[in-house]
Protein chains: 2
Amino acid sequence: MTRRPSDRDQSSRAVNLQDIADRAGVSLATASRVLGNGSRRVNDELIERVTRAAADLGYSANLPARTVATGYSDIVGVLVHDISDPYFSTIATAVVQRADQHAAVVSIGNAFGDARRELAYVAMMRSMRARAVVVAGSRSDDRDGHQALCDELEAFQRGGGRAVCIGQPLPGIDTVAPENEAGARALGVALAAAGHRSFAVLAGPPHLHTARDRLRGFRAGLEAAGIELHSDDVISGQFNRDGGYEAVSTLLSRSAPLPRCVFAVNDVMAVGALARLRTAGLDVPGDVAVAGFDDIVTLRDVWPRLTTVRLPLEAMGEMAGRLALDQQRDEAPRLLPVPGEVILRESTALAAGSVAS
Amino acid sequence: MTRRPSDRDQSSRAVNLQDIADRAGVSLATASRVLGNGSRRVNDELIERVTRAAADLGYSANLPARTVATGYSDIVGVLVHDISDPYFSTIATAVVQRADQHAAVVSIGNAFGDARRELAYVAMMRSMRARAVVVAGSRSDDRDGHQALCDELEAFQRGGGRAVCIGQPLPGIDTVAPENEAGARALGVALAAAGHRSFAVLAGPPHLHTARDRLRGFRAGLEAAGIELHSDDVISGQFNRDGGYEAVSTLLSRSAPLPRCVFAVNDVMAVGALARLRTAGLDVPGDVAVAGFDDIVTLRDVWPRLTTVRLPLEAMGEMAGRLALDQQRDEAPRLLPVPGEVILRESTALAAGSVAS
DNA sequence: CTAGTCTTGGAAAGCGCTTTCCCAAAGCTT
DNA sequence: AAGCTTTGGGAAAGCGCTTTCCAAGACTAG
């Protein structure tokens with residue numbers, strides 16, 4: 001099977017470095033030094049010849065082979081619940097941009113919130129010898145799944161990769177942590193200060209940390225203003241648009257009077273709530289006020305504009321990218337808290353001077 | 001962490017197949033046959049021993065090495081303009097789902113519509129020996145860039161990968177082609193039939209094929225109804241939310257009377273237009289009607305609900321995934337046209353019986 | 001003019017896997 | 001019992017690259 005350089009075969013095997021070396025009349029090593037990282041000086045004329053040969057033949061380095069040889073790749077994995085959710089796609093875009101600057105290529109994994117898929121994806125990144133992996137999205141209560149993920153991430157790091165997480169801190173792993181609880185608390189305080197008195201919370205799934213933290217914070221904020229949130233006023237459901245829609249359906253179907261203000265634990269749910277209220281012929285904020293969380297850019301144009309807690313999603317992705325790519329490996333794991341900013345808009349406006357019952 | 005005395009060094013080198021073979025007391029070849037594709041029968045007891053050893057040592061196959069050995073990888077590249085645009089993230093999600101079924105892992109590239117980045121990304125996928133690449137998003141007029149991309153994709157296919165494109169057909173490449181022109185035409189016809197008579201088009205960038213096709217189709221639809229679209233009534237701008245917003249600003253700043261109906265060549269622009277009109281205190285559809293294109297799911301809850309042309313984005317991603325992964329290589333390139341469906345909603349409603357001037 | 005230090009090209013030894021090839025042992029048929 | 005085909009394990013040859021290691025030539029220094 002040994003091919004002489006002279007007998008060019010017809011098979012469509014891709015051109016490799018040896019082909020380039022042959023054509024340029026240099027050794028494999030020299031060709032590699034020219035086209036590779038260039039750690040060693042090569043005669044200008046040879047550089048020229050090799051470069052020319054590579055261009056002529058349309059050479060494209062075999063990256064997997066390079067990875068095998070060096071033990072190092074330029075893949076960065078990003079793991080999200082759902083890339084079509086603007087929350088995640090915004091973060092992912094930022095990571096991609098950061099990775100671009102490091103000539104790294106991003107591989108995005110959709111886990112649909114499933115712990116098994118998450119595990120499989122991180123394992124895959126480990127198999128690929130990825131340079132780093134960014135895990136975004138709320139952890140859930142599944143103890144075993146959680147532990148397995150931590151183990152896998154640890155193995156990943158032992159193998160020389162870097163792991164970063166966006167959301168709940170994972171032990172031993174750099175984390176960009178949005179302050180869900182504090183943000184929701186501030187929102188509760190602000191809404192109370194604006195004159196709201198009766199509330200319901202569309203709380204999302206009880207097992208999701210993010211959802212729970214936001215509920216807890218909001219409740220604390222109200223309590224600080226002397227308002228108590230009854231458990232009847234907490235409706236759980238899905239963490240997406242339909243979850244918000246259905247939670248409002250539940251509220252509407254009850255005999256109890258509607259609360260004057262509804263807090264959905266994320267913007268997408270808030271939009272679902274808005275849709276359901278409109279279907280019921282109710283005015284927002286006239287009849288019911290609605291607030292969300294995240295301040296998703298795509299949703300800034302919904303009307304009435306949503307009161308929400310702004311998370312700097314782009315900055316968060318950017319920070320995660322930086323942690324994953326810039327930092328030295330020997331530093332201790334970091335925790336970067338990200339504060340949210342309460343933004344009051346039309347969706348929770350009250351007629352001037354009035355105090356809602 | 002039980003290391004056998006025979007283990008040579010303490011360095012944290014990842015466990016490899018040889019380690020597994022040693023521990024199981026079999027040869028490298030046998031270990032490979034058990035853990036690899038299993039193309040050959042292996043004694044049950046040995047299978048058991050190897051599997052056990054792999055589990056004990058937390059073995060994770062080195063995928064790049066496998067790729068080097070076989071020449072095949074399980075990476076699928078998806079190239080989009082902007083993953084945070086719901087149009088693309090919806091498509092990407094569908095491709096990811098399809099790829100999951102093939103145990104392939106998706107790598108998403110953001111080109112931000114820049115031809116150079118697109119080229120670089122496809123080249124990168126070729127370097128990675130990716131199994132397939134899906135290029136989504138409108139081509140622009142840049143002749144050279146376009147040719148370079150085609151060349152690169154052809155090189156990619158010659159190297160054994162599959163290329164699929166979503167949008168304008170590329171020569172020699174399987175394409176999922178939304179019928180932009182026909183859809184826009186149908187929309188024009190439908191709006192005219194609904195009684196609209198005076199129009200403007202927020203046309204996006206003139207060099208983008210998708211934008212142009214939609215404009216051309218819309219114009220043809222109006223002409224079929226005996227309505228002519230003057231060039232004054234075509235405002236170009238960006239293909240995103242801000243483009244819609246600013247185009248309406250332009251309309252408002254003119255001395256001419258506002259058109260009764262505005263067609264934005266995509267939904268995101270339509271939402272920008274809606275925002276601008278609202279800022280100007282104009283009612284939609286009372287004062288001005290607005291229509292979009294795509295029927296983005298995230299935007300179905302904006303109010304008034306947008307008249308649009310629905311593209312089955314998920315199905316399109318799914319089809320692209322299928323073309324990329326299921327099909328045999330020797331078949332001729334295919335062109336799968338995807339029809340759009342006109343959906344009339346509140347944003348273009350006219351008071352019953354009235355005909356807009 | 002010789003010894004010592006840089007340069008810089010090439011041969012070859014890996015990297016971790018798959019797969020071909022070889023061969024021993026076992027199962028058939030006559 | 002002799003000749004076959006299976007069966008399945010192991011040695012070793014790659015895959016395409018990087019990176020030692022070596023050696024030869026080009027310089028300095030004494």
Side-chain angles (χ1 to χ4, degrees), chain A residues 1-3 5 9 11-50 53-54 57-74 126-129 159-160, chain B residues 8-9 11-50 53-54 57-74 126-130 159-160:
Chain A
M1 200 61 177
T2 29
R3 288 207 173 80
D9 65 342
S11 96
S12 65
R13 188 211 66 190
V15 308
N16 60 22
L17 200 49
Q18 184 67 65
D19 298 335
I20 306 300
D22 290 348
R23 180 176 242 257
V26 300
S27 78
L28 190 57
T30 303
S32 170
R33 290 199 262 256
V34 173
L35 267 17
N37 60 15
S39 60
R40 248 179 60 174
R41 256 205 70 86
V42 176
N43 185 308
D44 283 351
E45 201 222 313
L46 295 191
I47 291 186
E48 162 63 18
R49 293 215 317 253
V50 170
L57 266 41
Y59 174 67
S60 143
N62 185 321
L63 253 32
R66 181 174 290 177
T67 297
V68 169
T70 60
Y72 177 84
S73 89
D74 278 317
R126 177 152 77 102
S127 281
M128 295 237 239
R129 300 302 184 259
Chain B
R8 292 153 308 170
D9 62 348
S11 92
S12 66
R13 188 211 63 189
V15 306
N16 60 22
L17 200 49
Q18 185 68 64
D19 298 335
I20 305 301
D22 290 349
R23 180 177 242 257
V26 300
S27 77
L28 190 58
T30 302
S32 170
R33 290 199 262 256
V34 172
L35 265 19
N37 61 17
S39 60
R40 249 179 62 172
R41 259 203 70 86
V42 175
N43 185 309
D44 283 349
E45 200 222 314
L46 296 191
I47 291 184
E48 163 63 18
R49 293 216 315 255
V50 171
L57 264 42
Y59 173 67
S60 141
N62 185 319
L63 254 28
R66 180 174 291 177
T67 297
V68 169
T70 61
Y72 292 108
S73 88
D74 279 317
R126 177 152 79 102
S127 283
M128 295 237 237
R129 299 301 185 260

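Just so it is clear: chains get the letters A, B, ... in the order the sequence lines come, proteins before strands, and each one is counted from 1.
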Measure the distance from CD1 on A:Ile47 to P on C:dT8 and round it to the nearest whole Å.
10 Å
Whole-Å distance, A:Asn62 CG to C:dC17 P, equals 16 Å
For D:dT18 and A:Ser32 - does any side-chain N or O of the residue sit under 4.0 Å from the phosphate oxygens OP1/OP2?
yes
Testing C:dT19, C:dC17, C:dG10 for proximity to the side chain of B:Leu17, the answer is C:dC17
Search all heavy atoms of B:Val42 against all heavy atoms of B:Ile47 and return the closest pair with its distance.
O-CD1, 3.4 Å
Is the distance from OP1 or OP2 of C:dG10 to the nearest side-chain N or O of A:Thr30 less than 4.0 Å?
yes
Atom of B:Leu35, atom of B:Ala54 and distance for their closest heavy-atom approach:
CD2-CB, 4.1 Å
Of B:Ala65 and B:Ala29, the one whose closest nucleotide on DNA chain C sits nearer the 5' end is B:Ala65
Side-chain N or O of A:Asn16 versus OP1/OP2 of D:dG16: is the shortest distance under 4.0 Å?
yes
From CG of B:Asp74 across to C1' of C:dC17 the rounded distance in Å is 15 Å
Heavy-atom closest pair (B:Ala61 atom, A:Arg129 atom, distance to 0.1 Å) is O-NH1, 4.0 Å
A:Met128 atom CE is separated from C:dC17 atom P, nearest whole Å, by 15 Å
What is the nucleic acid contact for A:Leu63, judged by heavy atoms within less than 4.0 Å: base, sugar-phosphate only, or nothing?
nothing
A:Arg126 CZ - C:dG16 C1' separation (whole Å)
15 Å
In terms of heavy-atom contacts, A:Ser73 and A:Thr67 come closest through CB-OG1, 3.5 Å
Short side-chain N/O contact from A:Tyr59 to OP1 or OP2 of D:dG16, under 4.0 Å
no
Of all the nucleotides listed (D:dT19, D:dA11, C:dA11), which has the minimum atom distance to the side chain of B:Ser27?
D:dA11
Does A:Arg41 have a side-chain nitrogen or oxygen under 4.0 Å from the phosphate oxygens OP1 or OP2 of C:dT7?
no
Nearest-neighbour nucleotide for the B:Arg40 side chain, D:dG9, D:dA11, D:dG16 considered:
D:dG9
Strictly below 4.0 Å: does B:Arg66 bring a side-chain N or O up to OP1 or OP2 of C:dT18?
yes
Between B:Val42 and B:Arg129, name the one whose nearest nucleotide on DNA chain D is closer to the 5' end.
B:Val42
Given the structure, check if the side chain of A:Arg33 and the base of C:dG10 hold any donor-acceptor pair shorter than 3.5 Å.
yes
Of the options C:dG10, D:dT19, D:dG9, whose atoms approach the side-chain atoms of B:Leu46 most closely?
D:dG9
Candidate pair A:Asn62 and A:Asn16, rule side chain to side chain contact (heavy atoms under 4.5 Å, CB included), full reasoning:
CA-CA 8 Å; A:Asn62 185 321; A:Asn16 60 22; over 6 Å; no
D:dC17 P sits how many Å from A:Asp19 CG, rounded?
9 Å
Less than 4.0 angstrom from a charged side-chain N to a carboxylate O is my criterion; do A:Arg13 and A:Asp19 meet it?
yes
In whole angstroms, the gap separating C1' of C:dT7 from CD of A:Glu45 amounts to 17 Å
May I have the distance from A:Leu28 (atom CG) to D:dC17 (atom P), rounded to whole angstrom?
8 Å
